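For clarity, every value in this text was computed on a predicted model and none was experimentally measured. Worth knowing before you read on, the calculation uses all heavy atoms, side chains too, and leaves out hydrogens, waters and symmetry mates.
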Amino acid sequence: MSKSTLISPHGSKTLKILLLEGAKRTAELKKAETLPKVVMTTRETGDLIMLGIGGFTPLDGFMDKADWKGVCKDMKMANGIFWPIPVTLSHDQKVKPGTEICLISGETNEIMGTMKVTECYQIDKEFECKHVFATNDPEHPGVQMVMAQKEWNLAGPVKVLSEAIFLKNSRVYISVPPKAARFRGKRLEDHCRSATS
């Protein structure tokens, strides 16, 4: 048998698909209906779908504070793996670690997944905006999104139960302001240069 020439997924030897199917999905969906509900924004729902289809390999859920800070400051998670933008879930209430929650789409009210909370933490939103978007300008759409996040961030592994919103809205348009794109691009270029030197 010939050796595969496929490039390994980022940060992992295999694709980490967190979307459940069949009997496992049915059982988890039934359990989800009994859990405390956390309503997600459109961005958070999109991130959960990306986790489900393996697009965020090697992540197994929403980031903890150490990963959040490392990604904001140096574009690296705590384990040293490159990651350019935080993947976080915000909530308006503090949640005790160990609690299992049901993740709901704020757009469709659909159950999208479950998560076991491993950490509940507060962040410096201005720090995130300054490092990720190179600005704290309140007119910047990325800054507006971060500043609108709720008080607490919840971290932990997820089980994804649906990708329906992705299938229904498959045409996604992403607009990155030129200044922020140049800023992150320069940091990415520097990171790649140091990694190969």
Side-chain angles (χ1 to χ4, degrees), residues 10-11 36-52 55-56 58-99 101-108 112-158 160 165 172-191:
H10 175 64
K37 293 177 172 54
V38 170
V39 178
M40 300 181 295
T41 64
T42 302
R43 192 269 300 167
E44 292 164 346
T45 300
D47 285 349
L48 182 69
I49 291 169
M50 290 297 289
L51 288 162
F56 281 170
L59 302 187
D60 61 4
F62 290 102
M63 292 179 173
D64 61 20
K65 189 168 188 177
D67 283 338
W68 166 81
K69 187 172 183 179
V71 167
C72 287
K73 188 176 180 182
D74 300 312
M75 293 199 291
K76 289 182 181 179
M77 294 188 287
N79 60 10
I81 293 177
F82 168 75
W83 203 271
I85 295 178
V87 179
T88 56
L89 172 68
S90 68
H91 190 44
D92 56 4
Q93 298 178 30
K94 191 173 183 179
V95 177
K96 184 178 178 181
T99 302
I101 58 176
C102 172
L103 303 175
I104 303 287
S105 165
E107 282 189 295
T108 66
M112 299 298 296
T114 60
M115 182 173 88
K116 186 170 185 178
V117 178
T118 57
E119 185 179 359
C120 182
Y121 62 97
Q122 293 175 300
I123 65 168
D124 183 338
K125 295 179 182 180
E126 291 190 1
F127 173 88
E128 178 172 334
C129 292
K130 179 181 178 181
H131 285 81
V132 174
F133 303 114
T135 182
N136 287 320
D137 183 352
E139 297 300 316
H140 187 287
V143 172
Q144 292 175 1
M145 178 183 66
V146 171
M147 298 307 291
Q149 288 178 177
K150 301 180 181 74
E151 182 180 2
W152 299 94
N153 272 8
L154 307 181
V158 300
V160 183
I165 193 171
V172 180
Y173 298 90
I174 302 175
S175 177
V176 181
K179 183 178 179 180
R182 288 195 299 272
F183 174 76
R184 297 298 280 182
K186 178 64 168 59
R187 291 184 66 195
L188 175 57
E189 181 181 337
D190 292 342
H191 171 81

Exercise for the section: List the steps, then state whether side-chain contact (heavy atoms from CB on, under 4.5 Å) holds for V158 with L48. Expected result: CA-CA 8 Å; V158 300; L48 182 69; 3.9 Å; yes
Pairwise distance [atom1]([X]) to [atom2]([Y]) - rounded to 0.5 angstrom:
| X | Y | atom1 | atom2 | value |
| --- | --- | --- | --- | --- |
| E107 | M112 | CD | CE | 10.0 Å |
| M115 | T99 | CE | OG1 | 9.5 Å |
| T114 | I101 | OG1 | CD1 | 8.5 Å |
| C72 | H131 | SG | NE2 | 8.0 Å |
| M145 | F133 | CE | CZ | 4.5 Å |
| N153 | H91 | CG | NE2 | 11.5 Å |

Where [X] and [Y] come nearest, the two heavy atoms and their spacing:
| X | Y | answer |
| --- | --- | --- |
| K116 | G98 | CE-O, 3.9 Å |
| M75 | F82 | O-CD1, 3.2 Å |
| N136 | C129 | OD1-CB, 3.1 Å |

Exercise for the section: Would you please classify the geometry between the W83 ring and the H10 ring as parallel, tilted or perpendicular, with 30° and 60° separating the classes? Expected result: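 Plane angle between 30° and 60°, so tilted.
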Practice task
Without swapping roles, check the side chain of W152 against the backbone of L154 for a donor-acceptor pair under 3.5 Å.
Solution key: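 Pair absent, no side-chain N/O of W152 close to backbone of L154.
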Problem - Side chain K125, main chain M147, donor-acceptor under 3.5 Å - result: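 Yes: the side chain of K125 pairs with the backbone of M147.
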Sub-4.5 Å side-chain heavy-atom contact between [X] and [Y]:
| X | Y | result |
| --- | --- | --- |
| V160 | I49 | no |
| F62 | D47 | yes |
| P58 | I81 | yes |
| V87 | L59 | yes |
| L103 | L89 | yes |
| M50 | T45 | no |

Exercise for the section: Verify the neighbour count for atom NZ of K150: are there more than 12 heavy atoms of other residues, nucleotides or ligands below 6.0 Å? Expected result: yes
Practice task
Would you kindly say whether S105 and T108 are connected by a side-chain donor-acceptor distance under 3.5 Å?
Solution key: yes
Distance-only donor-acceptor pairs under 3.5 Å for side chains of residues 117-124, two or more places apart:
unit_1, atom_1, unit_2, atom_2, d
T118, OG1, A155, O, 3.2
E119, OE1, K65, N, 3.4
Y121, OH, M63, O, 2.8
Q122, NE2, E151, OE2, 2.7
D124, OD1, E126, N, 3.1
D124, OD1, F127, N, 3.0

